[in-house]
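A quick write-up on the structure given underneath.
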Amino acid sequence: GDPAVLVEDFLLANYLGAKVGELSREFKVPETDTTDILTELQNSDLVMQCSNARWLHTVCWRRLVQKSGAILDSFHSSTPLKSIMPRELYRSQLVPRSNPKALDDCIITMQLSRHIEIRNNGVCKAGFNVELTADDNEQFTSILGLLKKSGLVGLDVSELSESLSVPIHHTHELIRYGEDQGQLIRISDSLFYPADVLTGFQATLHELFATDNEITISNVRDKTGLSRKHIMPLLEYTDKICVTQRVGDIRKLISLQRD
């Protein structure tokens, strides 16, 4: 049959497309000839090239974009305070049990073509932002205020919920909103802080390291007045983001950064 028809039919049947080498092997056609066939099909708007030299049928591309939009619309509708959909959840719904590299190529292309945005290892529709109601905005502002006031001691969700008379499940949603916006940073399952509070803690570490190459929990306790209970998760966090490195009972400085 006509090689161009065979290539088009193959791409139409393979949702995430193929690369030139795959098509060349499939039809036993030299790669240069395969490229010429793809260019001819592209000029007729039947196929398109996406990220990493992957070729898709334009029908498959439109279906993929449409499905992506429906998935994200559903997610944004069901979780109005969460601006980003976890990337793995998005991938699993977009094309289940697919070739990971092929799916990555298509997702990158949707990002480059402004159909989606990748934020903090999550996905959202391009330009999407959560719009808080007046009540939610007031409650979130109060949460930020209480957390900043508590400083490095922090407050857990139940304490915030009780202080503000807000249901605990909604307090969780507001905290997740703060994380998505980069205003709150979670350092463990139950601990989260305003970003500027953690920046202040890193500045405190900087002051300690200015006089010594190594610090201990006792050094941090003497500097901040915090108990070991509060210091440990904070230092584990700075270890995790590669600001400090734990060596036995001491910490060494790796770098200073704003998370």
Side-chain angles (χ1 to χ4, degrees), residues 15-17 48-52 54 56 58-144 147 157 160 166-199 237 240-241 257-259:
Y15 198 43
L16 298 181
M48 58 172 282
Q49 190 173 22
C50 68
S51 176
N52 204 22
R54 179 168 297 279
L56 269 68
T58 51
V59 170
C60 295
W61 170 250
R62 288 193 293 270
R63 288 174 181 168
L64 195 66
V65 170
Q66 183 178 28
K67 185 175 182 181
S68 171
I71 289 169
L72 292 172
D73 281 341
S74 175
F75 178 81
H76 293 323
S77 175
S78 62
T79 56
L81 290 181
K82 193 167 180 63
S83 62
I84 57 174
M85 183 177 190
R87 188 165 184 167
E88 289 309 311
L89 178 61
Y90 170 76
R91 290 169 59 92
S92 69
Q93 292 186 20
L94 186 61
V95 188
R97 298 177 298 280
S98 59
N99 179 308
K101 291 183 178 179
L103 184 55
D104 281 341
D105 293 340
C106 295
I107 289 174
I108 291 170
T109 304
M110 283 196 285
Q111 180 184 16
L112 293 173
S113 58
R114 298 290 298 157
H115 291 289
I116 63 171
E117 289 181 21
I118 307 296
R119 302 179 188 169
N120 300 325
N121 203 34
V123 183
C124 67
K125 293 192 79 170
F128 178 83
N129 286 298
V130 171
E131 295 184 7
L132 295 181
T133 64
D135 285 345
D136 284 341
N137 186 60
E138 182 179 348
Q139 290 165 355
F140 179 68
T141 301
S142 297
I143 286 174
L144 275 181
L147 288 172
V157 177
L160 288 168
V166 176
I168 195 162
H169 75 276
H170 194 58
T171 306
H172 275 293
E173 290 177 343
L174 289 167
I175 288 168
R176 284 195 293 268
Y177 165 79
E179 291 181 79
D180 288 346
Q181 301 301 310
Q183 296 183 66
L184 294 176
I185 297 174
R186 186 180 297 270
I187 68 170
S188 71
D189 289 341
S190 59
L191 286 173
F192 39 85
Y193 294 92
D196 54 356
V197 170
L198 290 178
T199 299
Y237 166 73
K240 181 179 178 181
I241 63 171
Q257 64 182 45
R258 185 184 181 92
D259 188 73

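Environment of NZ in K67: crowded, with over 12 heavy atoms of neighbouring residues, nucleotides or ligands closer than 6.0 Å.
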| said: Assess the residue pair L94 and L64 against the criterion (side-chain contact (heavy atoms from CB on, under 4.5 Å)); give the C-alpha distance rounded to whole Å, side-chain angles, the decisive distance to 0.1 Å, and a yes or no. | reply: CA-CA 8 Å; L94 186 61; L64 195 66; 4.0 Å; yes
| Could you go step by step and tell me if L160 and L174 meet the side-chain contact (heavy atoms from CB on, under 4.5 Å) rule? | CA-CA 11 Å; L160 288 168; L174 289 167; over 6 Å; no
| request: Starting from the C-alpha separation in whole Å, work towards a yes-or-no answer on side-chain contact (heavy atoms from CB on, under 4.5 Å) for I84 and I118. | output: CA-CA 8 Å; I84 57 174; I118 307 296; over 6 Å; no
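Counting only residues at least two apart or in different chains, ring pair (Phe, Tyr, Trp, His ring centres under 6.0 Å) contacts with residues 124-143 comprise H76-F128, F140-Y177. Residue pairs satisfying the salt bridge (charged side-chain N to carboxylate O under 4.0 Å, His left out) criterion with at least one member in residues 132-142, sequence neighbours excluded, are absent.
Taking OG of S78 as the start and CG of D73 as the end, the distance is 10.5 Å to the nearest 0.5 Å. For the atom pair OG of S92 and CZ of R87, the computed distance is 13.0 Å after rounding to the nearest 0.5 Å. Separating the CD1 atom in I116 from the CZ atom in R114 is a distance of 10.0 Å, to the nearest 0.5 Å. Here the CD atom belonging to Q66 is positioned 13.0 Å from the CH2 atom belonging to W61, to the nearest 0.5 angstrom. To the nearest 0.5 angstrom, K82 atom NZ is 11.5 Å from C124 atom SG.
Summarising the geometry of L16 relative to L56, their closest heavy-atom pair is O-CD1, 3.6 Å, with the distance given to 0.1 Å. The minimum heavy-atom distance linking S68 with Y90 is given by the pair OG-OH, 2.7 Å. The shortest heavy-atom contact between L144 and Q183 is CD1-OE1, 3.3 Å. Residues G127 and E117 approach most closely at N-OE2, 2.6 Å, considering heavy atoms. Here the shortest heavy-atom pairing between V123 and L72 reads O-CD2, 3.9 Å.
Classification of R91 and E88 as a salt-bridged pair holds, one side-chain N sitting under 4.0 Å from a carboxylate O.
D180 contributes a side-chain N or O that, together with a main-chain N or O of S83, makes up a donor-acceptor pair within less than 3.5 Å. When atom types are taken as modelled, the side chain of N99 and the backbone of K101 share a donor-acceptor pair closer than 3.5 angstrom. One N or O on the side chain of R186 and one on the backbone of D189 form a donor-acceptor pair closer than 3.5 Å. Using a distance-only test at 3.5 Å, with no hydrogens or angles considered, no donor-acceptor pair links the side chain of S51 to the main chain of T109. Using a distance-only test at 3.5 Å, with no hydrogens or angles considered, a donor-acceptor pair links the side chain of T199 to the main chain of A195.
The shortest side-chain heavy-atom distance between P80 and V130 does not fall under the 4.5 Å cut-off. Side-chain contact between K125 and H115: absent, with no pair of heavy atoms (C-beta onward) separated by less than 4.5 Å. For the pair L198 and I187, the minimum side-chain heavy-atom distance is below 4.5 Å. Two residues are said to be in side-chain contact when any heavy atoms from C-beta on lie closer than 4.5 Å; L81 and R176 fail this criterion. Annotation: side chain of V197 is not in contact with side chain of I185 (no heavy-atom distance under 4.5 Å). Residues Y193 and L184 have side chains not in contact (no heavy-atom distance under 4.5 Å, counting atoms from C-beta outward).
Looking at residues two or more places apart in sequence or on another chain, you find a side-chain contact (heavy atoms from CB on, under 4.5 Å) between Q93 and I71, M85, L89.
No side-chain donor from either of S188 and Y237 sits under 3.5 Å from a side-chain acceptor of the other.
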